[in-house]
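These notes concern the structure reproduced below.
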Amino acid sequence: MKSIKLQNIALAQELYGQHNNNLDKICDAFKVNINTRGNTLLVDGNPAEVLLAETLIKELYHLLENNFSLEEADIDAAINTIKANNGTPLKEIFLTSVFKTVQKKTITPRNPSQQNYVKAILKNDIIISIGPAGTGKTYLAMAMAMAAFSKGEVKRIVLTRPAVEAGEALGFLPGDLSEKITPYLRPLYDALYDMMDFEKARALIAQETIEIAPLAFMRGRTLNNAFIILDEAQNTTSEQMKMFLTRIGYGSKAIVTGDITQIDLPAGKKSGLIEAKKILINIKGIEFIYFSKHDVVRHKLVSNIIDAYEKIQKQ
């Protein structure tokens with residue numbers, strides 16, 4: 001049994017979570033038992049698992065000492081990081097501020113893969129991120145774009161994705177061109193409105209300082225001093241991927257995100273993202289970042305669902 005004493009009882013209570021929910025997560029993850037006596041925890045179980053639980057508790061407490069506000073997703077992400085046992089202190093990941101939203105929420109990486117992603121975006125002009133849903137590929141890219149724009153590093157933000165139906169035929173859509181394409185681009189709008197005041201965002205969109213458009217609208221353009229994000233890139237054709245990557249101009253940065261397990265292209269069409277993996281791998285200035293199911297930062301069931309589908313596909 002290991003005894004862990006936390007100095008500040010208020011921070012200790014915050015670490016425990018409401019009704020000790022955070023401690024329950026730790027117990028479940030490491031198969032240990034935790035009893036509390038005020039600001040002292042008694043951790044019992046397999047010695048190796050007890051050591052991991054102790055490391056996690058102390059690092060989470062250190063985050064709280066640095067005024068970090070723990071959410072449920074942070075606990076899940078921290079558990080996964082400690083389980084991976086890569087030796088990276090949580091503070092080096094969670095205290096890396098990317099952008100502060102209109103609700104004053106600080107967006108930070110939540111695992112080593114996200115931390116590497118942020119570093120790659122700062123270092124390179126083209127970043128291609130590949131991984132399953134829920135790993136933060138698009139959301140972090142959007143946060144980095146907002147940070148660059150707010151600092152005056154770029155003059156505009158361009159958000160795009162291919163207008164491909166996700167496994168269902170939508171048929172005729174009513175309305176003008178803008179109304180027809182908006183449903184395809186809704187995830188990008190959602191991420192934008194989560195980070196910026198709604199009215200300010202609408203004003204910037206009206207001024208075309210922030211542009212959200214289907215990938216087809218990128219043809220024939222050169223985008224200078226812009227932060228460009230291509231989302232759902234697994235649904236680009238080879239021609240579309242080449243077209244997008246050659247739009248980048250001086251002072252610009254391009255982020256490509258996609259999940260190669262969710263391709264919705266018609267039969268016989270090759271994914272431009274899969275092809276890019278082979279063609280661009282050795283070009284200096286282009287960095288590939290890969291995420292796995294272990295990097296999912298949504299509800300833990302998302303990771304379990306991905307795992308279940310992977311098992312069926314392997315069979």
Side-chain angles (χ1 to χ4, degrees), residues 68 73-74 77 88 91-161 185 187-197 200-201 204-205 208-213 215 218 223-233 244-245 247-259 273 276 280 285-291 295-298:
F68 187 88
D74 298 319
T88 304
K91 66 178 182 179
E92 291 188 12
I93 301 171
F94 285 72
L95 297 182
T96 302
S97 176
V98 174
F99 182 71
K100 186 167 286 189
T101 70
V102 66
Q103 293 88 9
K104 305 301 181 184
K105 175 186 175 183
T106 301
I107 298 173
T108 72
R110 281 178 167 166
N111 54 52
S113 296
Q114 288 193 351
Q115 183 187 36
N116 291 337
Y117 186 35
V118 169
K119 289 179 179 178
I121 293 173
L122 292 172
K123 180 181 173 184
N124 300 277
D125 288 337
I126 295 179
I127 300 87
I128 300 177
S129 61
I130 299 173
T135 49
K137 304 181 301 295
T138 303
Y139 195 78
L140 270 179
M142 182 77 80
M144 293 295 287
M146 295 296 295
F149 178 72
S150 64
K151 294 174 185 175
E153 295 171 359
V154 295
K155 293 182 179 179
R156 59 193 307 223
I157 297 173
V158 179
L159 312 172
T160 185
R161 57 170 12 199
L185 306 172
L188 296 175
Y189 282 101
D190 290 343
L192 176 64
Y193 296 148
D194 192 37
M195 298 181 194
M196 178 178 280
D197 176 76
K200 183 177 180 181
L204 291 173
I205 291 171
E208 296 189 347
T209 301
I210 296 178
E211 179 181 354
I212 305 178
L215 181 58
M218 298 297 107
L223 301 170
N224 295 313
N225 301 308
F227 202 113
I228 316 152
I229 299 173
L230 168 59
D231 191 31
E232 297 288 335
F244 173 79
L245 292 173
R247 297 309 92 202
I248 188 170
Y250 290 107
S252 290
K253 193 178 291 284
I255 315 295
V256 176
T257 74
D259 177 1
L273 181 59
L280 306 176
I286 299 178
E287 185 166 347
F288 285 80
I289 297 292
Y290 293 93
F291 295 90
D295 300 312
V296 171
V297 291
R298 291 182 186 169

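Taking CE from Met195 and NZ from Lys100, the interatomic distance works out to 15.0 Å, rounded to the nearest 0.5 Å. A distance of 10.5 Å separates CZ of Phe291 from CD1 of Ile130, quoted to the nearest 0.5 Å. In this structure, Leu280 CG and Phe288 CZ are separated by 5.0 Å, a value rounded to the nearest 0.5 Å. One distance of note links CD1 of Ile212 with CD1 of Ile229; it measures 10.0 Å at 0.5 Å rounding. With rounding to the nearest 0.5 angstrom, the CD1 atom of Ile289 is 11.0 Å from the CD atom of Gln115. Within the model, atoms CG of Leu215 and CD of Glu232 stand 12.0 Å from one another, a figure rounded to the nearest 0.5 Å.
Side chains of Glu287 and Lys119 form no contact here, defined as non-hydrogen atoms less than 4.5 Å apart. Side-chain contact between Leu204 and Ile157 is absent, with no heavy-atom pair separated by less than 4.5 Å. In this structure, the side chains of Ile93 and Pro112 come closer than 4.5 Å at one or more pairs of heavy atoms. The shortest side-chain heavy-atom distance between Ile255 and Leu140 does not fall under the 4.5 Å cut-off.
Proximity of a side-chain donor or acceptor of Tyr117 to a complementary backbone N or O of Lys137 within less than 3.5 Å is detected. For the pair Asp231 (side chain) and Arg161 (backbone), a donor-acceptor distance under 3.5 Å is absent. The closest donor-acceptor contact from the side chain of Ser252 to the backbone of Ile248 lies at 3.5 Å or more, if one exists at all. A donor-acceptor pair under 3.5 Å is formed between the side chain of Lys253 and the backbone N or O of Asn124. Under the 3.5 Å distance criterion, the side-chain polar atoms of Thr209 are left unmatched by any main-chain donor or acceptor of Arg156. Within the 3.5 Å criterion, the main-chain N or O of Leu230 finds no donor-acceptor partner in the side chain of Thr160. For the pair Thr106 (side chain) and Ser97 (backbone), a donor-acceptor distance under 3.5 Å is absent.
Partners of Asn116 by side chain to side chain donor-acceptor pair (under 3.5 Å), not counting sequence neighbours: none found.
When all heavy atoms of Val256 and Ala233 are compared, the pair lying nearest together is CG1-CB, 3.3 Å. Here the closest non-hydrogen pair linking Met196 and Ala201 is SD-CA, 3.6 Å. Heavy-atom minimum distance, Ala133 versus Val296: O-CG2, 3.7 Å. Between Phe99 and Ala143, the closest heavy-atom pair is CB-O, 3.7 Å. Minimum interatomic distance between Ile210 and Leu192 (heavy atoms only, all atoms of both residues): CD1-CD1, 3.9 Å. Residues Gln114 and Gly136 come closest through the heavy atom pair NE2-CA, 3.9 Å.
Paired with Pro109 under the rule side chain to side chain contact (heavy atoms under 4.5 Å, CB included), one option of Leu95, Val297, Thr96 passes, and it is Thr96. Checking each of Asp295, Thr135, Asp74 against Arg110 for a side-chain hydrogen bond (donor to acceptor under 3.5 Å, both in side chains) leaves exactly one that passes, namely Asp74. Partner Phe227 forms a side chain to side chain contact (heavy atoms under 4.5 Å, CB included) with one of Leu159, Ile121, Val158 and no other, that one being Ile121.
Judged by distance alone, the side chains of Thr138 and Thr257 do bring a donor and an acceptor atom under 3.5 Å apart.
Between Tyr193 and Tyr189, the ring planes are tilted. Angles from 30° to 60° get that label.
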